[in-house]
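Every value quoted in this text rests on a predicted model; they were computed, and no experiment measured them.
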Amino acid sequence: MLKAVILIGGPQKGTRFRPLSFEVPKPLFPVAGVPMLQHHIEACSKLPNMKEILLIGFYQPNEEINRFLSCAQQDFKISIRYLQEYAALGTGGGIYHFRDQILSGSPEAFFVMNADVCSEFPLPEMLDFQKEHGDAYSFVILGTTANRKQSLNYGCIVENEQTDEVLHYVEKPSTFVSDIINCGIYLFTPEIFQHIGTVFQKNQQDMLLEEQSNGWHRAEVIRLEQDIFTALAGQGKLYVYKTDRFWSQIKSAGSAIYASRLYLNQYHTTHPERLATNREGGPKTRGKCLWLFCRQTSVP
């Protein structure tokens with residue numbers, strides 16, 4: 001049994017999407033004709049043992065989010081739930097806070113994905129890779145290559161080229177470390193919570209030493225990248241699966257245009273019905289265009 005967690009953040013993020021994000025929550029922003037999150041959910045729903053998809057963030061539940069969840073459950077025939085954080089807890093703190101929900105039903109493994117990425121989502125390949133590398137207690141990061149300058153904007157991975165083990169991990173380094181970057185898509189087993197719990201306990205102790213009365217709030221803010229991956233690197237528990245398929249971050253409305261182009265290129269094989277075709281008496285299209293756009297701009 002598998003589960004998936006999609007980290008959707010909250011309203012204080014996505015400032016580079018403003019003013020568009022004032023009207024539409026960033027995770028529901030349309031990319032290639034459908035909400036950004038729908039690409040993640042569709043990829044997860046194709047895995048035969050996927051039982052549930054959990055969205056974690058600190059958006060207030062609203063009509064748009066509820067409507068999207070209801071439609072997605074009907075379309076993909078899978079349980080999808082939204083778990084709201086009381087505050088921004090970080091990429092590790094959110095899943096640790098809701099660990100009981102994630103572990104309910106005893107999944108063998110679960111994916112964690114950042115909502116603001118565009119990808120072909122090689123999830124079956126990551127599962128096969130996990131079985132072939134390490135053991136039942138190992139974890140997998142999806143990685144890809146970037147040039148030296150681009151790599152400084154991402155988490156950088158130094159690997160053992162023979163075993164694919166992560167030997168060193170640095171989040172957004174100030175100087176070049178590696179051309180292998182973190183794609184924000186992970187495959188974990190339940191044992192990851194032991195490592196996150198260790199960081200949580202350390203944070204609690206640090207807060208007590210500082211005599212902060214509200215320390216327990218800050219102790220729960222945990223970052224997978226800086227707090228977990230950096231510590232696990234070189235311990236024989238963290239591996240990188242490198243993909244040569246398309247991947248991109250969606251940090252702004254401009255980058256959503258590039259992501260749309262990547263998905264449109266894929267639609268020829270995955271969703272040809274979403275692409276416009278030239279019809280007699282209708283608008284003429286050149287290149288790849290969504291049918292929705294043509295219908296909106298056609299002239300009677």
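- Hydrophobic clustering places Phe139 together with Leu103 (ILVMFWY residues linked when any side-chain heavy atoms are closer than 4.5 Å, directly or through intermediates).
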Inset, instruction - Test Ser104 against Lys3 for side chain to side chain contact (heavy atoms under 4.5 Å, CB included), laying out the working first. - result: CA-CA 10 Å; Ser104 175; Lys3 288 193 178 186; 3.9 Å; yes
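- Glu52 contributes no side-chain N or O that, together with a main-chain N or O of Ser79, makes up a donor-acceptor pair within less than 3.5 Å.
- Surrounding CZ of Arg81 are more than 12 heavy atoms belonging to other residues, nucleotides or ligands, all under 6.0 Å away.
- Formation of a donor-acceptor pair under 3.5 Å by the Glu220 side chain with backbone atoms of Gly93 is not found in this model.
- Ile6 and Ile78 fall within the same hydrophobic cluster, where Ile, Leu, Val, Met, Phe, Trp and Tyr residues are linked whenever their side-chain heavy atoms come under 4.5 Å apart, directly or through other members.
- Gln84 places a side-chain heavy atom less than 4.5 Å from the side chain of Pro61.
- Using a 4.5 Å heavy-atom cutoff, the side chains of Asp164 and Lys242 are in contact.
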Below 3.5 Å, can you tabulate the donor-acceptor pairs from side chains in residues 34-44 to any protein atom, sequence neighbours excluded?
unit_1 : atom_1 : unit_2 : atom_2 : d
His39  : NE2    : Val31  : O      : 2.8
His40  : ND1    : Met36  : O      : 3.3
His40  : NE2    : Asn114 : O      : 3.1
His40  : NE2    : Ala115 : O      : 3.2
Glu42  : OE1    : His271 : NE2    : 3.3
Glu42  : OE2    : His271 : NE2    : 2.5

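- Side-chain contact between Phe76 and Gln74 is absent, with no heavy-atom pair separated by less than 4.5 Å.
- Residues Ile141 and Asn182 share a closest heavy-atom pair of CG2-OD1, 3.5 Å.
- In terms of heavy-atom proximity, Glu120 sits nearest to Gln266 at CG-NE2, 3.3 Å.
- Separation of atoms CD (Gln249) and CG (Asn153) is listed at 8.5 Å; rounding is to 0.5 Å.
- Checked by atom type and distance alone, the side chain of Thr144 pairs as donor or acceptor with a backbone atom of Thr243 at under 3.5 Å.
- With contacts defined as side-chain heavy-atom distances shorter than 4.5 Å, the pair Val199/Tyr96 does not qualify.
- Annotation: the span from Lys251 atom NZ to Asp116 atom CG amounts to 4.0 Å, rounded to 0.5 Å.
- We find the OH-CZ distance between Tyr258 and Phe246 to be 9.5 Å, quoted to the nearest 0.5 Å.
- Hydrophobic clustering (ILVMFWY, side-chain heavy atoms < 4.5 Å, transitive): Ile102 and Leu83 are in one cluster.
- Distance check: Phe121 CZ to Met113 CE gives 6.0 Å after rounding to the nearest 0.5 Å.
- The CG atom of Leu167 lies 5.0 Å from the CG atom of Asn160; values are rounded to the nearest 0.5 Å.
- With contacts defined as side-chain heavy-atom distances shorter than 4.5 Å, the pair Gln60/Asn62 does not qualify.
- Side-chain contact between Leu54 and Ile95 is absent, with no heavy-atom pair separated by less than 4.5 Å.
- Partners of Glu171 by side-chain hydrogen bond (donor to acceptor under 3.5 Å, both in side chains), not counting sequence neighbours, listed by chain and number: Tyr169.
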Inset, instruction - Take Leu224 and Ile196, measure what side chain to side chain contact (heavy atoms under 4.5 Å, CB included) needs, and give me the verdict at the end. - result: CA-CA 8 Å; Leu224 284 173; Ile196 301 177; 4.2 Å; yes
Compile the donor-acceptor pairs under 3.5 Å between side chains in residues 226-233 and protein atoms, sequence neighbours left out, one pair per line.
unit_1 : atom_1 : unit_2 : atom_2 : d
Asp227 : OD1    : Arg223 : NH2    : 3.2
Asp227 : OD2    : Arg223 : N      : 2.8
Asp227 : OD2    : Arg223 : NE     : 3.4
Thr230 : OG1    : Glu225 : O      : 3.3
Thr230 : OG1    : Gln226 : O      : 3.2

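- A donor-acceptor pair is defined here as one N or O able to donate and one able to accept, closer than 3.5 Å; such a pair exists between the side chain of Ser260 and the backbone of Ala256.
- In this structure a side-chain-to-backbone donor-acceptor pair under 3.5 Å is present from Lys26 to Ile250.
- Nearest heavy-atom pair, Ile8 versus Gly57, reported as atom, atom and distance to 0.1 Å: CG1-CA, 3.8 Å.
- Within a 6.0 Å radius of CD1 in Ile257, no more than 12 heavy atoms belonging to other residues, nucleotides or ligands are found.
- Lys46 places no side-chain N or O within donor-acceptor distance of the main-chain N or O of Pro124, the cut-off being under 3.5 Å.
- A continuous path of ILVMFWY side-chain contacts below 4.5 Å connects Phe98 to Tyr186, so both sit in one hydrophobic cluster.
- A heavy-atom distance below 4.5 Å is not found between the side chains of Cys183 and Val117.
- Note on Val177: it does not cluster hydrophobically with Tyr239, by side-chain heavy-atom contacts below 4.5 Å among ILVMFWY residues.
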Inset, instruction - Give the intermediate values and the outcome of side chain to side chain contact (heavy atoms under 4.5 Å, CB included) for residues Met50 and Leu123. - result: CA-CA 11 Å; Met50 182 63 64; Leu123 307 185; 5.7 Å; no
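- When atom types are taken as modelled, the side chain of Ser248 and the backbone of Ala259 share no donor-acceptor pair closer than 3.5 angstrom.
- Contact annotation: the side chain of Tyr241 never approaches that of Gln130 to less than 4.5 Å [non-hydrogen atoms, C-beta and beyond].
- To the nearest 0.5 Å, the span separating CD on Glu63 from OG on Ser70 amounts to 11.5 Å.
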Legend entry - Intermediate values then yes/no, side chain to side chain contact (heavy atoms under 4.5 Å, CB included), Leu127 and Leu47: CA-CA 10 Å; Leu127 283 168; Leu47 294 173; 4.1 Å; yes
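- Residues Leu262 and Cys118 share a closest heavy-atom pair of CD1-SG, 3.9 Å.
- Heavy atoms only, all atoms of each residue included: Pro173 and Ser151 are closest at CD-O, 4.3 Å.
- Between Glu191 and Lys237 there is no salt bridge, since no side-chain nitrogen of the basic residue lies less than 4.0 Å from a carboxylate oxygen of the acidic one.
- Nearest heavy atoms, Tyr263 versus Ala32: CB-CB, 3.5 Å.
- The aromatic ring centroids of Phe193 and Phe188 lie 6.0 Å or more from each other.
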